[in-house]
There are 2 protein chains.
Amino acid sequence: MQMKATLRDVAERSGFSITTVSHVLNDVPGKRIAPDTRETIRRVADELAYRPNQLAQGLRRQRSGTIGFLADSILTTPHAHKVISGAQDAAAEAGSMLLLVSTDGRPELEERGITAFLDRQVDGIVYAATYHRIVTPPPSLRARPAVLLDARTDAAEYPSAVPDEVGSARTAVAELVRAGHRRIGYLGNVDDIPATAGRLAGYRQALAEAGLPWQPAWEVAEASESTGGYRAARAVLDRPDRPTALFCFNDRMALGAYFAVQDLGLAVALDVSIIGFDDQEIISEGVHPGLTTMRLPHYEMGQWGIRTLLSLIDAPSDGPYDPVHFDCPLVRRASVGSPRG
Amino acid sequence: MQMKATLRDVAERSGFSITTVSHVLNDVPGKRIAPDTRETIRRVADELAYRPNQLAQGLRRQRSGTIGFLADSILTTPHAHKVISGAQDAAAEAGSMLLLVSTDGRPELEERGITAFLDRQVDGIVYAATYHRIVTPPPSLRARPAVLLDARTDAAEYPSAVPDEVGSARTAVAELVRAGHRRIGYLGNVDDIPATAGRLAGYRQALAEAGLPWQPAWEVAEASESTGGYRAARAVLDRPDRPTALFCFNDRMALGAYFAVQDLGLAVALDVSIIGFDDQEIISEGVHPGLTTMRLPHYEMGQWGIRTLLSLIDAPSDGPYDPVHFDCPLVRRASVGSPRG
DNA sequence: CTGAAAGCGCTAACAA
DNA sequence: TTGTTAGCGCTTTCAG
């Protein structure tokens, strides 16, 4: 296995200087180089399968072609990888790659990760949360252009993208209204995060817009996972005046609601329509009948993040930056039907 | 924001030469340097918050401190991130970082990803599948030390780690036997992957070892997701001589089985015990009652991969390499009970 | 005990 | 139209 060819190899083999070879291979503008020369050099480079050493290139150009991606957890939540996927695709378009660090709830890794990024001369840093959060990134983040995904700071210090919680919740409830439901409950959560207030507000707004009654008893808050959803659903559905449809804070709660509906001898869609939030496919596609839900625009946010970052790298700017809000598209499956009777 | 300090800055500020500073900061062995000098240099480096530029270091040392991680899909399956997590932690221990590429079922990204890795002078490459597969990595992978995770080649060309499918399936079934079950069904799959034959074989072996009857009607194969699991479970449970326990190819099929059990008016654990495979927490913890299942040792495999890779980098070797088999630990939750009566 | 000098592979002024 | 030279920030002989 022979050594990788260097610029010098190409130069020697083609009979031109390293400089000329570099000019040709980089298509440096404003250089008048004989077409023959160009062609020879290109051919030789090809023959040798020459590829520039990006370490050397980066050292010289002060641009590593590398972006640090700091995720607070790819471990716990299962849809964060779509952010990465979107980011990676956008990075690839620009010839860049992602250095990944996942802190997985270990805050001490945050500083260390950023340091490791800076040591490797990343061109910029993406700071990604797994769900919409208000964050305070370590000061070291300021050493490079950075963007926030699914997160924002109180100061509008970095460009940031977050889902439109309120609007998306309204869309969800409106879908239920459209199906004919007039008694719609909300299985909410108790976490101290923007989505909590946002989705609740969206629910109430949508009811008001539709001229539907708001029933305190139909609006419960529980832990935002399956068992919480189960309890919440039981609390609401055990009542004689139970709603015919439930909007759930997330898909995991919706999963719990499915079990509650079944335990009551009822059927999802037929007796109780359900809409979730997140579109975690394992649940939304795995559940029976399939779960109608709001898809978090993670892929798109990942793309946006890298593109924004790259333009920031090319044209530094100081902000402030208003958070960009992304719509969550409705994904229709089979958990919404018309109310009976 | 002042510029990052370089070795030269430390040298000038401390009054010693770049060489000496380098020697001190790298603790180069066999160098007799005055303790005072050492201390001064260390102090100055500290004051300036000096950190070596890894691009420069890498260029010189021919070691980038970077490892390419090529995943065939972090998108579709939801537990692959644990491999990454394990890999990242092991890499961090050694001062290395992961460059990530996820091909997400787009094979053309594979070559491109590896090329991008090589351009960046990665020290080695991890080629990770999302489930146990026989793969044929592109030849370009040979350009660097590489290991395979959750994958192996026919030629034993790279070190590789895969789950012990047969043994783990036996463990699962043995658990059911221990709970008193004598009629145990298997909801299998139809994919052309090693796990298919492996888990099936484990199931049969475990029955044989326990002296239990093998019933063709209790062994069905379906698509390996929730709806397949539903159909498979119905096929088995609709029979008068239905089994009292089901071992499922994976958690998603187990999820479908839950719905089937409920649709038949039965209860999981009480009437039908269920064991899954994979331990996808969204399902295994989200389901009601919690799903007992076999945990794929992804984190451990990730760690193993990096450690193996690093030692391969330090001490190249040619193989052949037998695949290393990892046990899947049993995770007990609440879906296994004793049979009635 | 310390430092000068060469060079990793590349780009960019500047000459010719 | 092409080449010389310097240097990105670092490590590593080799001298002193």
Side-chain angles (χ1 to χ4, degrees), chain A residues 2-42 44-45 48-66 95 118-123 143, chain B residues 2-42 44-45 48-66 95 118-123 143:
Chain A
Q2 102 222 350
M3 223 37 206
K4 284 191 61 172
T6 72
L7 247 206
R8 170 128 79 118
D9 297 328
V10 180
E12 280 171 2
R13 185 97 111 92
S14 66
F16 292 95
S17 75
I18 289 190
T19 312
T20 307
V21 174
S22 173
H23 287 340
V24 169
L25 263 24
N26 288 312
D27 272 325
V28 180
K31 294 281 164 187
R32 311 210 49 73
I33 293 174
D36 275 9
T37 307
R38 278 192 194 292
E39 210 207 325
T40 320
I41 290 179
R42 288 241 164 75
V44 172
L48 297 179
Y50 169 76
R51 305 236 83 214
N53 178 327
Q54 293 228 34
L55 249 42
Q57 223 172 29
L59 182 59
R60 184 60 240 231
R61 286 196 182 145
Q62 305 287 43
R63 242 228 198 211
S64 63
T66 266
L118 297 177
D119 289 350
R120 281 167 185 80
Q121 315 296 117
V122 294
D123 300 327
Chain B
Q2 103 223 349
M3 222 37 205
K4 283 190 61 171
T6 72
L7 246 205
R8 172 130 77 118
D9 297 329
V10 180
E12 280 172 3
R13 185 97 110 92
S14 66
F16 293 94
S17 74
I18 289 190
T19 313
T20 306
V21 174
S22 172
H23 286 340
V24 169
L25 262 24
N26 289 311
D27 271 326
V28 180
K31 293 281 163 187
R32 312 211 49 72
I33 292 174
D36 275 8
T37 307
R38 275 187 147 56
E39 209 206 327
T40 319
I41 290 180
R42 290 240 162 75
V44 172
L48 297 179
Y50 169 75
R51 303 235 86 214
N53 178 328
Q54 292 229 36
L55 249 43
Q57 222 172 32
L59 181 59
R60 182 61 236 232
R61 285 197 183 144
Q62 305 287 42
R63 246 233 196 203
S64 62
T66 267
L118 297 177
D119 290 350
R120 281 167 184 80
Q121 314 295 116
V122 294
D123 300 327

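Heavy atoms only: backbone and side chains are in, while hydrogens, waters and symmetry mates are out. Each chain gets a letter, A, B and so on, in the order the sequences are listed, and its residues count up from 1. None of the values given here were measured: they were computed from a predicted structure.
Considering only side-chain N and O atoms, Thr20(A) lies under 4.0 angstrom from the phosphate OP1 or OP2 of dG3(D). Residue Gln57(B) places no side-chain N or O under 4.0 Å from the OP1 or OP2 atom of dG9(D). Residue Asn26(B) has a polar side-chain atom (N or O) positioned under 4.0 Å from OP1 or OP2 of dT11(D).
Across all non-hydrogen atoms, the minimal contact from Arg13(B) to Leu48(B) is NH2-CD2, 3.3 Å. Residues Ser17(B) and Ala11(B) share a closest heavy-atom pair of C-CB, 3.9 Å. Between Gln54(A) and Gly65(A), the shortest heavy-atom distance links the atoms OE1-CA, 4.5 Å. Contact detail for Ser14(B) and Val21(B): the closest heavy-atom pair is OG-CG2, 4.1 Å.
Put simply, CD on Gln62(A) is 9 Å from C1' on dG9(D), counting in whole angstrom units. In this structure, the NE2 atom of His23(B) is 9 Å from the P atom of dT12(D), given to the nearest Å. In this structure, Asn53(B) atom CG and dC8(D) atom P are separated by 12 Å, rounded to whole Å. Distance Arg32(A) CZ to dT2(D) C1': 13 Å, rounded to the nearest Å. To the nearest angstrom, P of dG9(D) lies 17 Å from CZ of Arg63(A). Regarding Asp27(B), its CG atom lies at a distance of 15 Å from the C1' atom of dT11(D), rounded to whole Å. One interatomic measurement links the two molecules: CD of Glu12(A) to P of dG3(D), which rounds to 13 Å at whole-angstrom precision. The CD1 atom of Ile41(A) sits 12 Å away from the C1' atom of dG3(D) (whole-angstrom rounding).
Nucleotides of DNA chain C nearest to Arg51(A) and Thr37(B) differ in position, and the one nearer the 5' end is that of Thr37(B). Comparing Leu59(B) and Ile33(B) along DNA chain C, the residue whose closest nucleotide (by nearest heavy atom) sits nearer the 5' end is Ile33(B).
The Thr19(A) side chain lies nearest to dG3(D) when the options are dG9(D), dT12(D), dG3(D). Closest to the side chain of Phe16(A), from the set dC8(D), dT2(D), dC10(D), is dT2(D).
Base engagement by Ser22(B) is indicated by at least one non-hydrogen atom pair under 4.0 Å involving a base atom. Backbone-only engagement by Arg61(A) is indicated by non-hydrogen atom pairs under 4.0 Å involving sugar-phosphate atoms exclusively. Within the 4.0 angstrom heavy-atom criterion, no nucleotide atom of any strand lies near Leu55(B).
Between Gln121(B) and Leu55(B), every side-chain heavy-atom pair lies at or beyond the 4.5 Å cut-off. Using a 4.5 Å heavy-atom threshold, the side chains of Leu25(B) and Tyr50(B) count as touching. Thr6(A) is not listed as a side-chain neighbour of Asn53(A), based on a closest heavy-atom distance of 4.5 Å or more.
Shown here is Glu39(A), whose CD atom has no more than 12 heavy atoms of other residues, nucleotides or ligands within 6.0 Å.
Put simply, CD1 on Ile18(B) and NE2 on His23(B) are 12.0 Å apart, with the number rounded to the nearest 0.5 Å.
When each of Thr20(A), Ile33(A), Asp36(A) is tested with Ile41(A) by the rule side chain to side chain contact (heavy atoms under 4.5 Å, CB included), just one qualifies, namely Thr20(A).
Interface limits on DNA chain C: the 5'-most and 3'-most nucleotides within less than 4.0 Å of chain B heavy atoms are dC1(C) to dG9(C).
Comparing the start and finish of the helix from dC1(C)-dG16(D) to dA16(C)-dT1(D), five pairs each, the helix axis swings through 50°, to the nearest 10 degrees.
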